[in-house]
Amino acid sequence: MCKLARKYERVIPFHCLLMALLFVGQQLTELYIAPTVLSAVERHVPLPRLFLTIGGFTLLLLLLRTVSTYLNGFIGYHRITLRMFIAGLLNRKGCDTSYVNRFDKKYMDLKQNAGSYVGSNSGAAEAIWNTLTVFLQYLLGIAAYAAILASVSLPILLVIVATALVSFFTNRYLNAYEYRHREELAAIERKLWYVQGAASGDAAKDIRIFGLGNWLEELYQNALSAFRAFKIKSQKVYLLANVINLLLTFFRNGFAYAYLIHGVLEGGLSASEFLLYFNTVGSATWWITDILNTAGYLRTQSLGISTIREALEYPEPFKFEDGRPLTHAEGQTYELKLENVSFRYPGTDRDVLKNISLDFRPGEKLAVVGLNGAGKTTLVKVMTGLLDPTEGRVTLNGVDIRDYDRRDYYKLFSAVFQHFSLLPASVAENVAQDNEKIDEERVKDCLGKAGLSEKIASLPEGIHAKLNRHVYEDATALSGGETQRLMLARALYKDAPFLMLDEPTAALDPIAESEIYESYNEMTAGKSAVFISHRLASTRFCNRILLLQEGVIAEEGSHRELMAKGGIYADLFAIQSKYYREEDSHEQQA
Ligand code: ADP
């Protein structure tokens with residue numbers, strides 16, 4: 001944190017130190033007022049001098065308090081800025097991390113926990129500065145008071161230090177309870193957040209139609225009971241820590257007071273000295289208890305910071321800057337090969353792709369068909385380098401794609417995936433994925449090819465109309481089909497050598513769908529393209545069709561070849577076209 005602060009908000013660590021010094025200054029001033037005045041009275045100093053002494057102390061206190069109040073007010077802005085900066089780093093990591101980390105439970109939990117530490121003013125990433133300031137205040141305070149006590153009595157000091165150490169170590173162990181059990185807590189909180197998200201999110205329609213409310217409520221109540229049980233357990237541990245502290249304080253204070261009273265009765269300690277040491281012991285003991293609590297908070301918060309750090313430094317299975325650079329030159333062709341590729345999602349026990357070998361030749365138009373769950377989307381994710389094979393390898397022009405800088409590799413791909421990601425930006429920015437250099441003519445051309453020209457022309461702001469209602473209240477709402485076309489326009493704008501389309505017409509009406517088929521050759525001219533669909537008729541314009549069944553390529557060939565073969569493809573085709581034929585024959589009978 002100090003390293004980050006030094007780089008981006010230099011003033012913060014200095015502020016902590018300055019506040020600590022001001023605090024000690026105030027405490028010492030307050031400590032000495034009464035004994036000094038008492039000693040002056042004992043020595044019968046003249047009244048004006050007595051007033052001068054009191055006035056001097058008062059002025060000094062006023063000055064110290066004014067400065068620290070001012071400094072306290074001014075630091076908030078800097079601390080918030082630094083926290084938001086760290087939140088930005090976490091967002092960046094979330095965007096840049098190897099796609100496969102999204103399936104890694106440990107990373108996802110770390111990311112979620114780290115998010116909670118930067119989410120508010122009381123999150124560790126901001127609150128730690130306050131804790132650090134308080135810790136430094138007590139540390140300097142105790143050091144100053146220890147020096148005073150050492151001059152009068154070493155035994156008192158030793159007892160204070162010994163009890164403090166015992167307290168510190170038991171507290172340290174007990175206060176880290178939640179951190180030691182953080183995975184248990186994260187699992188419970190994931191359930192709670194899931195229900196909260198589901199209740200207000202995309203599932204709203206399903207919840208109502210299928211009456212999922214009770215089920216969600218039960219899930220929430222169960223998670224809440226588990227949360228409560230966890231918190232009660234951790235509170236008991238914290239209570240134990242408090243009881244131990246209390247017993248130690250009792251012993252320490254008892255000893256110190258007995259020692260001082262003995263000093264007055266037997267050793268000739270004066271009234272003003274007794275007052276000075278009595279107050280010193282009182283404050284020092286008080287601070288020692290407080291510094292232990294603060295050390296506990298500091299430790300808990302720095303464990304929070306460790307979580308942020310673990311999330312930020314989470315290992316990347318993919319190569320990025322450390323990989324081989326790959327720059328696309330105009331006219332460069334690519335041959336993508338899958339060699340005995342198998343893939344299994346992390347944490348599952350079934351291969352979704354099984355021993356697939358495929359030679360995807362430059363400029364080829366490949367169709368991938370198959371039933372739901374056959375592995376089509378997964379195959380595309382492996383080809384695009386979003387997922388690495390569990391066995392086998394994918395090569396690009398003979399080089400294992402794992403050796404390349406993965407971001408360079410992604411530049412070779414345009415894709416339309418099944419899940420849309422609309423950015424809260426204008427139509428043009430969504431298509432160009434850029435907010436600076438936008439070629440508006442090309443945007444319009446791509447929107448045209450994707451069949452969206454008319455819709456966009458009907459908007460008062462045209463391609464500058466804002467999208468995404470989550471952010472812009474006056475945003476244009478596109479239908480599912482329109483959004484899918486926009487995603488297609490975005491893929492066309494990128495103009496990469498590979499175009500991957502995963503069910504790009506699933507949300508389109510029949511007219512729009514047939515328009516896309518008709519312009520498919522134009523869209524994919526000069527590119528290698530993969531078209532996933534479960535509508536077999538849509539794949540006739542591809543050079544080669546792969547029929548995927550339970551993760552293996554069951555059949556392969558052109559539409560004509562596969563029909564002639566009379567296998568699974570031909571059967572599926574017959575089932576899909578049956579209704580059209582029945583419709584035809586009904587009409588003929590009529
Ligand atoms: P298709 O695109 O052919 O419908 P997918 O490639 O989406 O099939 O999925 C293939 C199989 O992989 C399915 O059985 C699905 O349950 C499984 N699968 C998909 N995504 C995940 C995931 N994130 N974790 C575990 N299994 C998954």
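Remember, it's a predicted structure, so these values are computed and weren't measured experimentally. Both counts, for ligands and for their atoms, begin at 1 and track the order of listing.
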**Message:** Just to be sure I read this right, does ligand 1 sit under 4.0 Å from the backbone of L371, its side chain, both, or neither, counting only heavy atoms?
**Reply:** backbone
**Request:** Fit a plane to each ring of Y194 and W215, take the angle between them on a 0 to 90° scale, and name the class: parallel (under 30°), tilted (30 to 60°) or perpendicular (over 60°).
**Result:** perpendicular
**Request:** Just do the side-chain hydrogen bond (donor to acceptor under 3.5 Å, both in side chains) check on D439 and Y493 with the steps written out, would you?
**Result:** CA-CA 9 Å; D439 180 344; Y493 185 96; 5.4 Å; no
**Item:** Close approach, I532 and ligand 1, non-hydrogen under 4.0 angstrom
**Value:** no
**Item:** Close N or O approach (T348, ligand 1; < 3.5 Å)
**Value:** no
**Request:** May I ask you to identify the nearest protein heavy atom to atom 23 (N) of ligand 1, giving residue, atom name and distance to one decimal place in Å?
**Result:** F103 CE2, 3.0 Å
**Message:** Would you say the rings of F103 and Y107 are close, in the sense that their centroids are separated by under 6.0 Å?
**Reply:** no
**Complete:** Of all protein heavy atoms, the one nearest atom 26 (N) of ligand 1 is Y345 CD1, 3.3 Å
**Item:** Nitrogen or oxygen of N372 less than 3.5 angstrom from that of ligand 1
**Value:** no
**Ring geometry between F230 and Y177 (parallel below 30°, tilted from 30 to 60°, perpendicular above 60°)** = tilted
**Asked** What protein heavy atom sits nearest atom 9 (O) of ligand 1, and how far away is it?
**Response** T378 OG1, 3.8 Å
**Prompt:** At the 4.0 Å heavy-atom cut-off, does G370 count as touching ligand 1?
**Reply:** no
**Under 3.5 Å: N/O of G373 near N/O of ligand 1** = yes
**Message:** Please tell me whether F360 and Y334 form a close aromatic pair, meaning their ring centres lie under 6.0 Å apart.
**Reply:** no
**Asked** Got a sec: does the CD of E178 have more than 12 other heavy atoms crowding it under 6.0 Å?
**Response** yes
**Request:** For atom 7 (O) of ligand 1, find the nearest protein heavy atom and state the residue, atom name and distance (0.1 Å precision).
**Result:** T377 CB, 3.6 Å
**Asked** Does the ring of F320 carry R406 above it, NZ/CZ under 6.0 angstrom from centre and within 45° of its axis?
**Response** no
**Fill in**
If you scan protein heavy atoms around atom 11 (C) of ligand 1, the nearest is V352 CG1, 3.5 Å
**Asked** Judged by non-hydrogen atoms, does R350 sit under 4.0 Å from ligand 1?
**Response** yes
**Message:** Quick one: does any side-chain atom of S357 pair with a main-chain N or O of N340 as donor and acceptor, under 3.5 Å?
**Reply:** yes
**Request:** State whether the shortest distance between N or O atoms of Q418 and N or O atoms of ligand 1 falls below 3.5 angstrom.
**Result:** no
**Item:** More than 12 heavy atoms from other groups under 6.0 Å of CD on Q418
**Value:** yes
**Fill in**
Closest to atom 8 (O) of ligand 1 among protein heavy atoms sits G375 N, 3.3 Å
